[in-house]
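One structure below.
Excluded from the calculations below are hydrogen atoms, water molecules and symmetry mates; all remaining heavy atoms, backbone and side chain alike, are included.
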2 protein chains.
Amino acid sequence: MNIGQAAKASGVSAKMIRYYESIGLVPAAARTEAGYRSYGEREVHTLRFIRRARDLGFSADQMTELVALWSDRGRASADVKAIALRHVAELDRKAQELREMSETLKHLAATCHGDGRPDCPIIESLAGEGVPDAAPRAPRGFDRIRTLR
Amino acid sequence: MNIGQAAKASGVSAKMIRYYESIGLVPAAARTEAGYRSYGEREVHTLRFIRRARDLGFSADQMTELVALWSDRGRASADVKAIALRHVAELDRKAQELREMSETLKHLAATCHGDGRPDCPIIESLAGEGVPDAAPRAPRGFDRIRTLR
DNA sequence: AATGGGGCTTCCCACCGTGGGAAGGTCAAG
DNA sequence: CTTGACCTTCCCACGGTGGGAAGCCCCATT
């Protein structure tokens with residue numbers, strides 16, 4: 001199976017398969033004489049595993065750990081659980097941050113009449129006129145969130 | 001005021017001030033004879049505006065729009081509100097995604113006894129053994145989330 | 001007046017995960 | 001044999017942010 005087939009079968013793009021190989025998340029694939037990467041069921045299975053972990057928001061580093069634990073028959077389930085729970089905490093923290101940002105903005109938007117007139121509490125709050133630092137989002141231990149695509 | 005002072009006064013790092021200038025989010029600062037960037041109250045005010053918007057998760061592009069609206073005395077508050085509400089929707093969507101990932105993982109972790117034994121529902125679910133695609137996170141219109149720091 | 005330290009400048013590099021695209025080789029079907 | 005679909009590697013970009021090097025500049029203390 002070539003990389004394109006493996007990509008379709010696993011749901012991981014060919015680009016990303018090569019990338020995962022380059023960072024050592026998956027072992028280097030076997031090659032045909034012509035230099036084409038060659039995949040079997042086993043490899044596709046691994047890629048699917050990775051795709052599912054990725055869809056759960058695990059980082060490449062965490063996925064490396066998970067794959068290692070997966071292929072270690074003698075692993076302790078506690079090890080897997082620990083990674084998962086750490087990730088859950090992280091996800092919750094980020095979701096909470098997003099919610100707080102959303103809440104603040106919703107409140108501001110609610111007091112903005114949103115018509116053709118120029119006065120707007122949203123802008124005023126951002127400008128801090130009279131309301132200096134009124135909305136201290138990202139308080140301490142802040143960790144801004146960035147998203148992609 | 002030099003860039004370091006402006007950074008302290010605004011809460012935006014000198015690095016980021018230069019970056020914002022380079023992408024046109026803020027106009028190029030005046031320079032001293034020696035080539036140092038020079039800032040006044042007005043510029044610092046703008047930078048603070050930007051910092052607040054950033055803390056609310058606005059992208060550089062959105063901040064550009066907001067700054068433009070801010071400096072447009074005749075803007076319609078509806079325009080600002082529209083940007084804010086679009087952003088709120090986006091924030092909510094992302095928070096929802098994170099929550100779903102967290103939920104899925106929490107359920108998996110709950111059924112993992114987390115001791116020294118190797119059998120682990122978390123790994124099994126990722127591997128898809130017997131439960132192919134059991135947890136279709138990021139269904140359609142998926143948009144994976146990435147975080148920083 | 002010289003020296004030292006801290007600030008400023010520009011420029012490049014890195015992160016992470018992903019896609020785009022160019023330049024060139026390969027394979028299978030017509 | 002040609003054509004088109006696929007594969008290869010390599011570089012570039014994104015968004016924001018920090019790190020750091022090399023080279024000025026400014027001020028205060030000797």
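Here the C1' atom of nucleotide C:dC8 and the CD1 atom of B:I3 are 9 Å apart, to the nearest Å. The distance from atom CG of A:D55 to atom P of C:dT18 is 9 Å, rounded to the nearest whole Å. In this structure, OH of A:Y39 is placed 16 Å from P of D:dC6, rounded to the nearest angstrom. Between the CD atom of B:E21 and the C1' atom of D:dG16 there is a distance of 17 Å, rounded to whole Å. Separating the OH atom of A:Y19 from the P atom of D:dC14 is a distance of 18 Å, rounded to the nearest angstrom. When the P atom of D:dG16 is taken as reference, atom CD1 of B:I50 falls 12 Å away, rounded to whole Å. Taking atom CG on B:L25 and atom P on D:dC14, their separation rounds to 16 Å, with Å as the unit. Distance, A:M1 CE to D:dC7 C1': 15 Å, rounded to whole Å.
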Protein proximity profile, nucleotides 20-30 of chain C - base contact B, sugar-phosphate-only contact S, no contact -, cut-off 4.0 Å on heavy atoms: BB---BBS---

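An angle of 30°, rounded to 10°, separates the two end axes of the helix from C:dA1-D:dT30 to C:dG30-D:dC1, each defined over five pairs.
Take the nearest nucleotide of DNA chain C for A:A60 and for B:R18: the residue whose nucleotide is more 5' is B:R18.
One finds a side-chain N or O of A:Y20 lying less than 4.0 angstrom from the OP1 or OP2 phosphate oxygen of C:dT18. Side-chain N/O atoms of A:R31 include one lying less than 4.0 angstrom from OP1 or OP2 on D:dT9. Checking the phosphate oxygens (OP1, OP2) of D:dC7, no side-chain nitrogen or oxygen of A:R37 falls inside 4.0 Å. Using a 4.0 Å cut-off, some side-chain N or O of A:S13 falls inside it from OP1 or OP2 of C:dG19. Listed pair B:R54 / D:dG16 fails the phosphate criterion, with no side-chain N or O lying under 4.0 Å from OP1 or OP2.
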Steps toward side chain to side chain contact (heavy atoms under 4.5 Å, CB included) verdict (A:W70, A:H45): CA-CA 12 Å; A:W70 180 35; A:H45 196 196; 3.9 Å; yes

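Paired with A:Y20 under the rule side-chain contact (heavy atoms from CB on, under 4.5 Å), one option of A:T64, A:V67, A:L25 passes, and it is A:L25.
Shown here is B:R31, whose CZ atom has more than 12 heavy atoms of other residues, nucleotides or ligands within 6.0 Å.
The closest donor-acceptor contact from the side chain of A:R37 to the backbone of A:I3 lies at 3.5 Å or more, if one exists at all. B:S125 places no side-chain N or O within 3.5 Å of a backbone atom of B:P121 that could act as its donor or acceptor partner.
Look at A:E97 and A:K94 and you find no salt bridge, because none of the NZ, NE, NH1 or NH2 atoms lies under 4.0 Å from a carboxylate O.
Evaluation of the salt bridge (Lys or Arg N to Asp or Glu O under 4.0 Å) test over residues 103-121 of chain B, restricted to residues two or more places apart or in two chains, returns A:D92-B:K106, B:E103-B:K106, B:D115-B:R117.
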